[in-house]
Amino acid sequence: MRVTKKLSFFRGFSEKMVEAVRSVMPIIVIVLVLSATLLRGELSGCMLTSFLLGAVMLVIGSAFFTLGADISMMPMGEETGAHLVKSRKVWLIVLMCFIIGCIITIAEPDLKVLADQVPIVESQVLIYAVAAGIGIFLALSFLRILFQIRLSYILIFFYTLIFILILSPLIPNDFVAIAFDSGGVTTGPITVPFIMALGLGLASLRGDKTAQEDSFGLVALCSVGPILTVLLLGIISGTDGVTASEQNVVEYTGIPQILRDFVHAIPEYALEVLRALLPILVFFIIYQIAALHLPKRRLMKLGVGLVYTALGLTLFLAGVNVGFMPMGFKIGHALGESSYAWILVPLGALIGYFIVAAEPAVHVLKEQVEDITEGGISAKTMGIALAIGVAVSAGVSMLRVLTGVPLLYILLPCYAIALVISFFVPPIYTTVSFDSGGVASGPMTATFLLPLAQGACEAVGGNLLTEAFGVVAMVAMTPLLTIQTLGLIARLRSRTRTAEPTLALTEDGILSFAVEWEE
C-alpha cells in the first residue's frame, strides 16, 4: 500500500513538473539568448544565476502547488458544492458562494504577484477588494445557473456598466488597466479548479439537459467582479501618474548574497502563504464539523494536499519575487533605453506565443473545445489560433508601452465585437471563451511579461499605471475573440448547403432537372 502511494505521488509530481518546465523553459531560453546577444554585458553572471535559481524554485513550487490543488482544492470544491445542492436552500447557497469566493481569492498566487507590483494601493487592500468582487459575482453566477439566464445578457449589462464608469469622470484613469489586470489574474490555479468544481455541483441542482452546459461561465462572471470593485476602489483613492516602478533589482556581487536573499525570502513568504490559506482551512473545518462529516482518511488526504499547496506557493513566490521578476524588469529597462527599443514588440509577441502554447491549462482547454464541437474544431487548430492571438495581444501591449496608446482604444472595440459575436454562436462557445481568459493569462504573464513592460515603461519615461499595466488584460481578452470566431466558423460550416442535382421524368414525360439543397 505504501509503495503504491509513493508511486502515485511520484507519477503525479513528475507530470506536474513536466507541465511547469514546459511553461517556464521558453522564458529561460529567451533570456539566455538575449544575454548572449543584444544584452551582452547588461546582464551580469550573478543576475543570471539568481534568475535561473528563481526559475528552478518556480518550477518546483508550481509542481507542488498544482498537485496540492488537485488533491485538496478541487475535492473541497466538489464536496462543498455537492452538499450545498443537497440543502436546496437558495439563501444558504448564495451566502456560501460569497464566502467561498472571498477566501479562495485571498490565496490566489497570481493576484498576490500583481498586487505587490501595484504602486498606488496597499497590496492587501487590493486583494480584499478583488476578493469581495469574486465573492459577489460567484453568488450571482449561481443565481444565473438557477434561473437559466443567458450569459451574454449578463455580460453585456456588466461590461456596459464598466465602460460607462470608465468613461465617466468618477474613475481615475490610473485605475483602469489595474482593474482589468485584476480581472485576469484572479482566475488562476486556485480559483479556477475550485470554482469549476463548485459550478458542476451547483448545476446539478437543476438537472435538466442544459444544466451541465450552464456550469460553465462561473469563471467568466467572476472575472467581471474584480474589475468593478477595483474601479470603485479608484473612486476613493486619488492618484497621480507614476513613472517609477517599485520593482527591486539588486545588483548581486556574489553567490552568497544571492543565496542569502532566497533564504530570507522563504520564511517571509511562508508566513504570507499561511495567512492566505488559513481562512480556507478554518472555513472547511467549520463546514466539516457542521455539515460534511467526511471520513478521517479523506480528511488526511485533503490535509496532505493543503501542505503541498502551501509548500508550492511558498517556493513559487520566493522564486518569482527574488529571481524571476527582477530579470523581466531589467530586460525591459535595458531594451527600452536602447536605440533598438522597437524590438520589444516582436519580443513581447514571441514570449506571448510560447507562454500560451506551453501553458498546461491551455492544453485542457483545447481538448474541451474539440469535445464540444465533436471534432469540428481540432485541438491543433485551437492551439494555433490561441497562441497567435496571445502573441498579437502581447506584441500590441509592448507597442502601447512605447507609444502611449490608451488601453481603452483597444479594449472597448474588442469587447464590443466579442459581445456582438456572442449572439451568433452557440452559447457554449461564449461561456468557454470568457472562462478561458484566465487560462490564457497564466503565471508567466504576471511574473515576466508585466515586469518586462514596467521596465520598458520606466526607461521611456511613460506613465506606469496607464501604459505598463494592462498586459494581463490584453492577454485575457484574446480568447473572447479567438474561441468565438472559431465558433462562428463552425456554425457557418454547419449551415453550408450542398447542391444535389437530380434528373426525373414528369407525368407528362418531360425530363426535369432539380437541385435539392441540404443543410
Side-chain angles (χ1 to χ4, degrees), residues 141 144-145 147-160 187 196 199-200 203 206 208-221 223-224 356-357 359 361-393 410-441 474-501 515-519:
S141 297
R144 182 193 79 84
I145 292 173
F147 296 110
Q148 304 182 50
I149 304 171
R150 182 165 175 166
L151 182 65
S152 300
Y153 299 149
I154 301 177
L155 291 175
I156 286 173
F157 172 79
F158 281 112
Y159 276 110
T160 301
T187 48
M196 291 298 286
L200 289 170
R206 273 188 13 217
D208 56 66
K209 291 181 180 179
T210 60
Q212 205 73 347
E213 193 174 289
D214 281 348
S215 68
F216 294 102
L218 268 75
V219 177
L221 277 179
S223 297
V224 177
V356 76
E359 179 63 39
V362 170
H363 293 283
V364 177
L365 170 67
K366 291 188 295 185
E367 300 301 325
Q368 187 181 44
V369 172
E370 188 170 55
D371 289 341
I372 289 167
T373 62
E374 297 180 344
I377 302 295
S378 68
K380 184 178 179 182
T381 302
M382 176 71 195
I384 292 172
L386 200 56
I388 291 174
V390 172
V392 170
S393 64
I410 301 168
L411 288 187
L412 187 53
C414 286
Y415 270 98
I417 292 169
L419 290 170
V420 168
I421 294 175
S422 70
F423 287 97
F424 298 94
V425 299
I428 188 65
Y429 279 94
T430 302
T431 54
V432 170
S433 68
F434 277 85
D435 277 356
S436 305
V439 172
S441 55
M474 291 284 291
V475 171
M477 178 194 69
T478 303
L480 278 57
L481 297 171
T482 306
I483 296 176
Q484 289 199 118
T485 300
L486 292 178
L488 194 59
I489 293 169
R491 169 156 281 190
L492 291 174
R493 279 181 181 171
S494 69
R495 289 187 173 184
T496 300
R497 299 184 298 177
T498 57
E500 293 291 333
V515 178
E516 294 180 1
W517 294 92
E518 282 188 336
E519 285 199 359

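Start at 1 with the first residue, then count along the sequence. Fair warning: this is a prediction, and the values are worked out from it, not measured in the lab.
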Sequence neighbours left out, cut at 3.5 Å: what donor-acceptor pairs do the side chains of residues 151-159 make with other protein atoms?
residue: Ser152; atom: OG; partner: Ser422; partner atom: OG; Å: 3.3

By side chain to side chain contact (heavy atoms under 4.5 Å, CB included) - contacts of Ile417 (at least two apart): Ile421, Leu481
Please name all residues satisfying side chain to side chain contact (heavy atoms under 4.5 Å, CB included) with Ser433, sequence neighbours left out, ordered by chain then number. Ile483, Gln484
Work out which heavy atom in Val425 is nearest to a heavy atom in Gly487; give both atom names and the distance. CG1-C, 3.8 Å
Rounded at 0.5 Å granularity, tell me how far CD1 in Ile384 sits from CG in Leu386. 11.0 Å
Approximate separation, where rounding is to 0.5 Å, of Thr482 OG1 and Leu486 CG: 7.0 Å
Can you confirm whether Phe424 is buried at CZ, in the sense that more than 12 heavy atoms of other residues, nucleotides or ligands lie under 6.0 Å from that atom?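 No.
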Counting C-beta onward and ignoring hydrogens, is there a side-chain heavy-atom pair between Ile149 and Arg144 closer than 4.5 Å? yes
